[in-house]
Novice: 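Quick one: this structure, given as structure tokens, is what I'll be asking you about.
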Amino acid sequence: MRMPTIFRPRPRRNHIVGTDAGNIGPVLDALRADALETSVLVTPAFPETDRTVYKGNLFVGAVPLNESSLRDHPLNPMRDANLVRVLARQSTGTVGLVELATVAQGADAIRTRLEQLSASGTGAAVADAVFESDLEAIGTAALVQRLSVGASGLGLGLARGLIAAGAARRYERSTQAQRISGPAACLAGSCSTATLKQIAKAEQTMPVLRLDPEKLVSDPLETVERALTWATEHLAKGPILIASSAPPDEVSRLQERHGRGAAGHTIERALATIAAGLVELGVRRLVVAGGETSGAVVDRLAIPAFELGPEIAAGVPVLRALGSQDGEMVLALKSGNFGGKGFFADALAIMA
Ligand SMILES: Nc1ncnc2c1ncn2[C@@H]1O[C@H](COP(=O)(O)OP(=O)(O)O)[C@@H](O)[C@H]1O
Ligand SMILES: O=C(O)[C@H](O)C(=O)COP(=O)(O)O
């Protein structure tokens, strides 16, 4: 059995107001051409984190995506919950749907539906999923796909599909990460509701530096330098948290002054530079809040691969850096909305 390719792209919009110039569609198109796939199976659902898809609409908890806090995401404001439509606007191909009624019938029914969609020239198909059993059926169907795209829920489905097919063994993971000594630090670039609450909670237990976003954008070098001076003073005493995060009204005001993309990317780069500085200061346990922020940090640290460790919260494992130029290091990279209120302390406890 050949291992299918899984890809979890991140949605991005550029500054052209009113267009959905995200990168999921273009990247999916390019990978589809490369993999010689006909209809790519797309699985955005991850029920454990309350992300479900019904009739192609993504729900965050009880509300459609465009009514959730992701409506005001700093980089990718999601104003349409229908991912068939969103993806169709980004892709050169047509986009279809594998409805829940089909998913509920199991992997064979999903495959049959994908074959129908392929025959009619549909380039991608969003699969509905409400329960983990739906992910398992989708994962089993994905085993024969050349390319599937999705959130972490697809990984869950594929893993269980591989085990059921006898192609992989269940791995009993430990609840403690591999011990790595050295100072610990947290960085937050996510402005999600969950991260804002987690930062407030962390302030009760560790020193927190709230960066001035205006200064961070207008003079990133100076702000990074100050942040690292502050870190040097505190790191020896215990974990620290440095955050650029701000609530939606402040984010909007900053974006009005500097532009959405420019503000976001300048802050990502600045936080990545702080991460590199922290590692130079000896930090070997690093927690990062924010998907784009995490991407920028990992790129800056040039970490080529990770080994998955214990799970801190749904969808957030401890990661051991493999092949890093900075030696042994563990990280936790958190999508903004994931984790409970005590996430930073939870992560540091497991990484201790
Ligand atoms: N105070 C701020 N104002 C505006 N944008 C910000 C601010 N702080 C961080 N950002 C940007 O917001 C975006 C957050 O995205 P991301 O890191 O993916 O978080 P999430 O996982 O919550 O989506 C990043 O581009 C980040 O640089
Ligand atoms: O809330 C979510 O579903 C996540 O925030 C999400 O998947 C967005 O991606 P990111 O990687 O955190 O930017």
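Atoms within a ligand are numbered from 1 in the order they appear, just like the ligands themselves. Note that the numbering runs from 1 along the sequence shown for the chain.
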Novice: Is there any side chain to side chain donor-acceptor pair (under 3.5 Å) pair reaching into residues 156-166, and which pairs are they, with sequence neighbours excluded?
Specialist: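 Qualifying pairs: Glu132-Arg160, Glu136-Arg160.
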
Novice: Which atoms from ligand 1 have a heavy atom of Gly336 less than 4.0 Å away?
Specialist: 20 (P), 21 (O), 22 (O)

Novice: Between Val95 and Leu87, what is the shortest heavy-atom contact and its length?
Specialist: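 Taking Val95 first and Leu87 second, the nearest heavy atoms are CG2-C, 3.9 Å.
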
Novice: Does any N or O of ligand 1 fall below 3.5 Å from an N or O anywhere on Gln255, backbone included?
Specialist: no

Novice: Please indicate whether any nitrogen or oxygen in Ala289 is less than 3.5 Å from any nitrogen or oxygen in ligand 1.
Specialist: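 No, Ala289 has no N/O under 3.5 Å of an N/O on ligand 1.
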
Novice: So, is Ser335 polar-close to ligand 1, with some N/O to N/O distance under 3.5 Å?
Specialist: no

Novice: Using a 4.0 Å heavy-atom cut-off, which part of Glu250 comes near ligand 1: side chain, backbone, both, or neither?
Specialist: neither

Novice: State whether the shortest distance between N or O atoms of Ser244 and N or O atoms of ligand 1 falls below 3.5 angstrom.
Specialist: yes

Novice: List ligand 1 atoms under 4.0 Å from Glu292, heavy atoms only on the residue side.
Specialist: 16 (P), 17 (O), 18 (O)

Novice: Pairs of nitrogen or oxygen atoms closer than 3.5 Å, one from His265 and one from ligand 1: do any exist?
Specialist: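 No, since none of the N or O atoms of His265 sits under 3.5 Å from an N or O of ligand 1.
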
Novice: How would you list, by chain and number, every residue that makes a side chain to side chain contact (heavy atoms under 4.5 Å, CB included) with Pro74, sequence neighbours excluded?
Specialist: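 In terms of side chain to side chain contact (heavy atoms under 4.5 Å, CB included), with neighbours along the sequence ignored, Pro74 is linked to Cys191, Val251, Gln255.
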
Novice: May I ask you to check whether Thr293 has an N/O atom sitting below 3.5 Å from an N/O atom of ligand 1?
Specialist: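 There is such a contact, yes.
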
Novice: Could you list the atoms of ligand 1 found under 4.0 angstrom from a heavy atom of Pro213?
Specialist: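 Every atom of ligand 1 under 4.0 Å from some heavy atom of Pro213: 1 (N).
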
Novice: Can you hop from Val298 to Leu75 via hydrophobic side chains spaced under 4.5 Å?
Specialist: no

Novice: For ligand 1, does Leu75 get within less than 4.0 Å through its side chain, its backbone, both, or neither, judged by non-hydrogen atoms?
Specialist: side chain

Novice: Salt bridge check: are Arg71 and Glu67 linked by an N-O gap of less than 4.0 Å?
Specialist: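 No, Arg71 and Glu67 are not salt-bridged.
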
Novice: Charged N to carboxylate O below 4.0 Å: is that the case for Glu99 and Arg113?
Specialist: no

Novice: So does Glu225 have more than 12 non-hydrogen atoms from other groups sitting under 6.0 Å from CD?
Specialist: no

Novice: I'd like to check whether Glu268 has a polar contact with ligand 1, where a contact means an N/O of the residue lying under 3.5 Å from an N/O of the ligand.
Specialist: yes

Novice: Stepwise, does the side chain to side chain contact (heavy atoms under 4.5 Å, CB included) test hold for Leu319 with Leu308?
Specialist: CA-CA 5 Å; Leu319 301 168; Leu308 296 189; 3.3 Å; yes

Novice: Tell me which part of Pro74 gets within contact of ligand 1: side chain, backbone, both or neither, using heavy atoms under 4.0 Å.
Specialist: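 Side chain only; the backbone of Pro74 stays clear of ligand 1.
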
Novice: List ligand 1 atoms under 4.0 Å from Gly291, heavy atoms only on the residue side.
Specialist: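 Result: 16 (P), 17 (O), 18 (O), 19 (O), 20 (P), 21 (O).
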
Novice: Side-chain heavy atoms under 4.5 angstrom apart, residues restricted to Ile, Leu, Val, Met, Phe, Trp, Tyr: same cluster for Leu333 and Ile199?
Specialist: no

Novice: Decide whether the shortest distance between a heavy atom of Ala263 and an atom of ligand 1 is less than 4.0 Å.
Specialist: no

Novice: Identify, by atom number and element, the atoms of ligand 1 in contact range of Leu254, meaning under 4.0 Å from any of its heavy atoms.
Specialist: 3 (N), 4 (C)

Novice: So if I count the atoms of ligand 1 from 1 in the order they appear, which ones are less than 4.0 Å from some heavy atom of Ser192?
Specialist: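 Within the 4.0 Å cut-off of Ser192, ligand 1 contributes 22 (O).
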
Novice: Can you confirm whether Arg300 is buried at CZ, in the sense that more than 12 heavy atoms of other residues, nucleotides or ligands lie under 6.0 Å from that atom?
Specialist: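 Enclosed.
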
Novice: According to a hydrophobic-cluster definition based on side-chain heavy atoms being under 4.5 Å apart (Ile, Leu, Val, Met, Phe, Trp, Tyr only), do Leu301 and Val288 belong together?
Specialist: yes

